[in-house]
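Data block below; observations after.
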Amino acid sequence: MSAEATRALIASYYQAFNDGDHDAFLALLSDQVEHDINQGGRETGVEKFRTFLKKMDAHYKETIKDIVIMVNPDGSRAAAEFMVHGEYLSTDDGLPQAAGQTYVLPAGAFFTITDNKVSRISNYYNLTDWIEQVSR
């Protein structure tokens, strides 16, 4: 896959996320996608990712903005830096009480691309920063 094709794939990934189009989003992932959850474990497979998205939708309303996509020359790996603009809708286990707080959080993600699909996604953000923002 070319670097430009990978850049377009990652742009489509974030567009589908922002559109809330889970089917389009999941179609961009390999069947055995590895998902490294920020400060959590690794989940494998599209169905686990689908479950993760449903959980996220129950607790958070997020839009990804100011996306910068970086791709290696052969298109096999990519990274993105962006800002997460969100609203904390309902209390997530082990986290502060939700009351519709809003937050803006810098974040990043790393991708592996295999057979024209995302085969690994690792997301990173500062959880302490997020907790401080929603605890004000």
Side-chain angles (χ1 to χ4, degrees):
M1 190 166 189
S2 72
E4 284 309 307
T6 293
R7 185 179 311 283
L9 174 68
I10 302 306
S12 295
Y13 176 96
Y14 286 112
Q15 186 63 56
F17 178 88
N18 283 343
D19 291 345
D21 187 342
H22 288 191
D23 290 335
F25 181 89
L26 294 168
L28 301 172
L29 308 179
S30 69
D31 289 341
Q32 291 302 308
V33 63
E34 294 176 331
H35 178 211
D36 296 322
I37 300 167
N38 188 70
Q39 298 184 354
R42 173 176 279 183
E43 295 183 343
T44 302
V46 170
E47 288 311 309
K48 292 238 177 164
F49 212 122
R50 182 184 310 277
T51 300
F52 174 82
L53 289 174
K54 287 179 184 177
K55 177 186 177 206
M56 292 298 292
D57 285 350
H59 298 288
Y60 312 93
K61 180 179 180 182
E62 295 181 333
T63 303
I64 307 302
K65 298 182 180 181
D66 304 318
I67 305 165
V68 176
I69 300 169
M70 297 151 276
V71 180
N72 72 336
D74 70 6
S76 63
R77 294 189 338 204
E81 184 177 19
F82 47 88
M83 299 297 289
V84 180
H85 293 252
E87 182 179 357
Y88 190 27
L89 303 174
S90 67
T91 304
D92 201 349
D93 292 338
L95 296 173
Q97 189 72 27
Q101 306 94 312
T102 59
Y103 51 92
V104 177
L105 190 66
F110 298 96
F111 301 87
T112 300
I113 310 303
T114 308
D115 297 327
N116 302 322
K117 298 226 179 188
V118 173
S119 58
R120 178 186 60 90
I121 171 77
S122 300
N123 288 298
Y124 295 97
Y125 58 89
N126 185 326
L127 181 59
T128 301
D129 181 14
W130 180 84
I131 289 172
E132 288 176 5
Q133 289 187 50
V134 300
S135 295
R136 295 181 190 144

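Please read these numbers as outputs of a predicted model, since none were measured by experiment. What you see below is based on every heavy atom in this structure, not just the backbone, and it leaves out hydrogens, waters and symmetry mates.
A distance of 6.0 Å separates CG of L105 from CD of Q133, quoted to the nearest 0.5 Å. For the atom pair NE2 of H59 and CG of L95, the computed distance is 9.0 Å after rounding to the nearest 0.5 Å. Between I37 atom CD1 and F49 atom CZ the span is 8.0 Å, to the nearest 0.5 Å. Distance check, rounded to the nearest 0.5 Å: CZ of F110 to CE of M70 gives 7.5 Å. Of the inter-residue distances, the one linking E87 atom CD with Y60 atom OH reads 12.5 Å to the nearest 0.5 angstrom. A distance of 7.5 Å separates CG in N72 from OG1 in T6, rounded to the nearest 0.5 Å.
Under a hydrophobic-cluster definition in which Ile, Leu, Val, Met, Phe, Trp and Tyr are linked whenever side-chain heavy atoms come within less than 4.5 Å, directly or via other members, F17 and I121 are assigned to the same cluster. No chain of hydrophobic side-chain contacts below 4.5 Å, direct or via other Ile, Leu, Val, Met, Phe, Trp or Tyr residues, connects V104 to I64.
A donor-acceptor pair is defined here as one N or O able to donate and one able to accept, closer than 3.5 Å; such a pair exists between the side chain of K117 and the backbone of A27. Between the N126 side chain and the T128 main chain, a donor and an acceptor come within less than 3.5 Å of each other. Under a 3.5 Å cut-off, the side chain of N38 and the backbone N or O of Y125 do form a donor-acceptor pair. In this structure a side-chain-to-backbone donor-acceptor pair under 3.5 Å is missing from N123 to A109.
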R120 vs S122, side-chain hydrogen bond (donor to acceptor under 3.5 Å, both in side chains): CA-CA, chis, key distance, verdict:
CA-CA 7 Å; R120 178 186 60 90; S122 300; 2.8 Å; yes
Carefully, step by step, assess T114 and S119 under the rule side-chain hydrogen bond (donor to acceptor under 3.5 Å, both in side chains).
CA-CA 6 Å; T114 308; S119 58; 2.8 Å; yes
Residues F52, H35; criterion ring pair (Phe, Tyr, Trp, His ring centres under 6.0 Å); working and verdict:
CA-CA 10 Å; F52 174 82; H35 178 211; 4.6 Å; yes
Could you walk me through whether K55 and D92 pass side-chain contact (heavy atoms from CB on, under 4.5 Å), step by step?
CA-CA 9 Å; K55 177 186 177 206; D92 201 349; 3.3 Å; yes
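The minimum heavy-atom distance linking V46 with S30 is given by the pair CG2-O, 3.1 Å. Of all the heavy atoms in L53 and L26, the pair that sits closest is CD1-CD2, 4.0 Å. Closest approach of A3 and P73 over heavy atoms only: CB-O, 3.8 Å. Of all heavy-atom pairs spanning T91 and Y88, the tightest one is CA-OH, 3.6 Å. When all heavy atoms are compared, the tightest approach of A11 to I69 is N-CD1, 3.6 Å. The shortest non-hydrogen separation linking A58 to S90 is O-OG, 2.7 Å.
Around OH of Y103, the count of heavy atoms belonging to other residues, nucleotides or ligands within 6.0 Å exceeds 12. Surrounding CD of Q39 are more than 12 heavy atoms belonging to other residues, nucleotides or ligands, all under 6.0 Å away. In the displayed structure, R77 atom CZ is contacted under 6.0 Å by at most 12 heavy atoms of other residues, nucleotides or ligands.
With I113 as reference, L9 is the one residue of L9, V71, D74, L28 to meet the side chain to side chain contact (heavy atoms under 4.5 Å, CB included) rule.
No side-chain heavy atom of Q15 sits less than 4.5 Å from a side-chain heavy atom of F25. Contact check for S135 versus W130: no side-chain heavy atoms found under the 4.5 Å cut-off. Residues Q32 and T44 form a side-chain contact, since some pair of their non-hydrogen atoms from C-beta on lies under 4.5 Å apart. Residues F82 and V84 have side chains in contact (heavy-atom distance under 4.5 Å, counting atoms from C-beta outward).
Salt bridge status for R50 with D23: present, with a side-chain N to carboxylate O gap under 4.0 Å.
No hydrogens or angles considered: nothing links the side chains of T63 and H85 as a donor-acceptor pair under 3.5 Å.
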